[in-house]
Amino acid sequence: MKLTGAEIILECLIREGVEVMFGYPGGAILPTYDAMTKYPQLRHVLVRHEQGAAHMADGYARATGRVGVVIATSGPGATNLVTGIATAMMDSSPIVCITGQVPTAAIGSDAFQETDVTGVTLPVTKHNYLVYDVEDLAYTIKEAFHIARTGRPGPVLVDVPKDVQNAVTEFEYPEGETILPGYRPPVAAEEEQIEAALELIESAERPVILAGHGVIMSGASRELLQFAEMTQTPIALTLLGKGGVPEHHPLSLGMMGMHGTGYANLAIQNADLLLAFGMRFDDRVTGNLKTYAPNARKIHVDIDSSEIHKNVRADVPIVADLKTVLGQLLPRMKPIEHKAWLAQIRDWMEDADERDIVNQDVGNRLLAAHVIHDMWKATNGDAVIVTDVGQHQMWEAQYYPHERPHTLLTSGGLGTMGFGMPAAIGAALGLKQPNVWAIVGDGGFQMTINELGTAAQERVPINIAVINNGYLGMVRQWQEFFYEERYNSTPMLNPDFVKLAEAYGIPARRVTTRDEVIAAVEWANSITDGPTLIEFVVEKHDIVYPMVPAGADLDKMIRRPMPSPDGI
Ligand SMILES: Cc1ncc(C[n+]2csc(CCOP(=O)(O)OP(=O)(O)O)c2C)c(N)n1
Ligand SMILES: [Mg+2]
């Protein structure tokens, strides 16, 4: 069958199981947009800015576990993707971006809308390609998907010059497995590593599991829980690990790190064994590396060898797939008890409960923590939550316990403001469920607020909760603690978010007191044929506690002051 390069791209996408692509047209990608008219089974979602397309594909990938697809034009179209690609790279999210490029003969001539996109995206992609010959196109697209989804997943970009999209050739899909000699993701652990790990596990008295995104990516939730129960080992979660184990499980310590629970951090600092499973010891979870878990041996399981010994030296490094490794360990383990250790952790937990703001009566004042807590109640703790970046993101992590994998999608590694709403659009289109909530700050929301147009046009059933504190709250918090309350450039004049949503035809409400929260969430849940928006006007000067200052020892947390008799 003779096809154009553009048609080959779309034929390959269909064979990869792609059902939706997020994109924006332009000159260099027009042949592919024109070819789309012949493939109505491929849904194209027209975004308002290419950054939105990358976040949508990323949200789609994180929610479904499938590869998200982006289409953009050359030059400014492609450079607009960079933040979204870097976001996916940092959080190991599999997306494939197909960008138009100027014709091969014009490459290097500073042609109209020419950017060296493979050059620009080299450090933020797992791999990228510039396709010079239409004969290479089909297997390149196939390889791109293979690389994006296998091993440690990540973004792959394929840059296709316009003449390659127009060229005609005989199309034959490269059937069979993709084998790349220089790329063989590891699977199982070596026997000696399993033995060394078992020895440490059996002799530990104060073990802690550090569960990261890898638990979810490798589908190891069930095995991890079995491991934890059999060895009575408490589990601390990274931000991206949330959902990897049911957070209501008695062994769960909630989130670790800068805004983690005090007891998770204390457990880590007092541990004699850390079992780091699919996590990468980011500085936001370790604090000061020199004083980090000083008495703990470390078993580090990661599929990416470059993570081993990067920040923290491992006593037993295992480069393999976590689910496979747990499958190797479990049959060889005997039940173990750690009664004294768990009792000690329960004491730390009780102290935290007393200080917890959701256990305190603040009257009808609206605090973001309460909004999230009530939202958790009104969604039965079972919504798919996509957050933006800032204080509201941390409150979500603290007050919305997740019970299932893939139910919290958030930009952890890059901390990209503007991620939340578009990623929620991608998630909702992938899941085809109306229980997706975007929780966004007033600042970050405005970075990609244009995607309200996409949500409205495509009637995507997302619910948007804007946590409006009138500030770039997280930066304000740092200014309060570390810059003597000089609030430079953090108060923010906002539009009327309700009117703005209504301008797009999106039903919207404003909530200013605590007693309205649950009814508003239920109202939004009841609308399932398109987006809704609720603006929560919350306390302006609130602080996320506890907080480990950047670079401080992990147990030197700034704690919420104990409640005074007249309230917080
Ligand atoms: C693209 C981008 N620019 C800047 C920052 C730095 N930053 C981190 S949190 C934050 C404030 C976020 O404010 P808002 O969206 O209102 O959320 P809040 O903290 O108030 O909940 C800023 C500016 C960032 N993370 N991303
Ligand atoms: Mg804010």
Side-chain angles (χ1 to χ4, degrees), residues 49-52 54-55 58 79-91 124 239-240 257-259 282-284 357 366-373 375 385-400 408-424 437-452 464-483 486-497 500 510-512 533-545 547 549-550:
H49 182 292
E50 290 85 353
Q51 181 184 350
H55 292 326
D58 186 346
T79 56
N80 273 352
L81 296 177
V82 171
T83 299
I85 295 174
T87 304
M89 182 72 177
M90 286 290 268
D91 289 347
V124 292
L239 174 63
L240 294 193
M258 182 175 277
H259 294 292
D282 180 85
D283 53 89
R284 286 294 189 265
I357 190 75
L366 196 59
L367 273 74
H370 290 144
V371 172
I372 310 268
H373 180 70
M375 193 178 275
I385 308 275
V386 190
T387 76
D388 214 79
V389 170
Q391 288 185 314
H392 63 281
Q393 177 189 34
M394 294 298 114
W395 279 312
E396 196 286 342
Q398 296 178 338
Y399 293 108
Y400 200 111
L408 170 61
L409 319 181
T410 191
S411 169
L414 202 63
T416 307
M417 286 171 70
F419 172 83
M421 195 257 288
W437 279 83
I439 300 181
V440 299
D442 47 322
F445 184 37
Q446 292 184 71
M447 285 204 170
T448 50
I449 200 163
N450 43 13
E451 302 305 341
L452 282 177
I464 304 163
V466 185
I467 307 296
N468 183 2
N469 53 8
Y471 273 102
L472 300 174
M474 185 55 93
V475 180
R476 186 199 170 280
Q477 171 162 345
W478 284 51
Q479 290 172 328
E480 180 170 334
F481 282 169
F482 313 119
Y483 294 88
R486 287 184 294 276
Y487 299 121
N488 180 22
S489 300
T490 44
M492 194 172 231
L493 173 70
N494 288 322
D496 181 327
F497 289 114
L500 193 67
R510 178 172 296 116
V511 168
T512 56
L533 179 144
I534 309 173
E535 178 191 2
F536 294 96
V537 182
V538 299
E539 294 269 323
K540 285 185 183 313
H541 301 154
D542 206 356
I543 293 283
V544 182
Y545 289 106
M547 178 178 191

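Just follow the structure's listing: the first ligand is 1, and inside any ligand the first atom is 1. This chain uses plain numbering: 1 for the first residue, then up along the sequence.
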Have a look at M417 and tell me which of Q393, M447, M474 forms a side chain to side chain contact (heavy atoms under 4.5 Å, CB included) with it.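 The single option meeting the side chain to side chain contact (heavy atoms under 4.5 Å, CB included) with M417 is M447.
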
Using the rule side chain to side chain contact (heavy atoms under 4.5 Å, CB included), only one of T416, I85, L81 pairs with Q51; which is it?
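When side chain to side chain contact (heavy atoms under 4.5 Å, CB included) is applied between Q51 and each of T416, I85, L81, only T416 qualifies.
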
Looking only at protein heavy atoms, which one is nearest to [atom], and what is the separation?
{"atom": "atom 15 (O) of ligand 1", "answer": "G444 N, 2.7 Å"}
{"atom": "atom 1 (C) of ligand 1", "answer": "M447 SD, 3.7 Å"}
{"atom": "atom 14 (P) of ligand 1", "answer": "G443 N, 3.5 Å"}
{"atom": "atom 17 (O) of ligand 1", "answer": "H392 ND1, 3.4 Å"}
{"atom": "atom 13 (O) of ligand 1", "answer": "L472 CA, 3.3 Å"}
{"atom": "atom 25 (N) of ligand 1", "answer": "G415 O, 2.8 Å"}

- Query: Does N469 bring an N, O or S atom to within less than 2.8 Å of the Mg ion (ligand 2)?
  - Reply: yes

### Query
Would you say Y471 reaches the Mg ion (ligand 2) with an N/O/S atom under 2.8 Å?
yes

Report yes or no: do [X] and [Y] form a side-chain donor-acceptor pair below 3.5 Å?
{"X": "N494", "Y": "N468", "answer": "yes"}
{"X": "T387", "Y": "T410", "answer": "yes"}
{"X": "Q391", "Y": "D542", "answer": "no"}

Could you establish whether [X] and ligand 1 come within less than 4.0 Å of each other, counting only heavy atoms on the residue side?
{"X": "I467", "answer": "no"}
{"X": "D388", "answer": "no"}
{"X": "G418", "answer": "no"}

Exercise. Answer yes or no: does atom OH of Y483 have more than 12 heavy-atom neighbours from other residues, nucleotides or ligands under 6.0 Å?
Key: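 No, the 6.0 Å shell around OH holds no more than 12 heavy atoms from other groups.
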
Could you check, using the six-membered ring where one of them is a Trp, whether Y399 and H373 have ring centers closer than 6.0 angstrom? no

Would a line drawn from the ring center of Y471 to the ring center of H541 be shorter than 6.0 Å?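 Here the rings of H541 and Y471 have centres that are less than 6.0 Å from each other.
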
Would you mind naming the N, O or S atom of D442 nearest to the Mg ion (ligand 2)?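 For D442, the N/O/S atom sitting closest to the Mg ion (ligand 2) is OD1.
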
Any idea which atoms of ligand 1 are less than 4.0 Å away from a heavy-atom of [X]?
{"X": "D442", "answer": "16 (O)"}
{"X": "G390", "answer": "9 (S), 19 (O)"}
{"X": "Q391", "answer": "18 (P), 19 (O), 21 (O)"}

| request: Give the intermediate values and the outcome of side-chain contact (heavy atoms from CB on, under 4.5 Å) for residues I439 and W395. | output: CA-CA 10 Å; I439 300 181; W395 279 312; over 6 Å; no

Checking heavy-atom distances from atom 22 (C) of ligand 1 to each of E396, M417, M474, Q51, the winner is M417

Check your understanding: Between Y545 and F481, what is the ring plane arrangement, given parallel below 30°, perpendicular above 60°, and tilted in between?
Key -> tilted

query: In terms of the angle between their ring planes, are F497 and F445 parallel, tilted or perpendicular, with boundaries placed at 30° and 60°?
result: tilted

So for Y471 against ligand 1, with non-hydrogen atoms under 4.0 Å, the contacting part is backbone

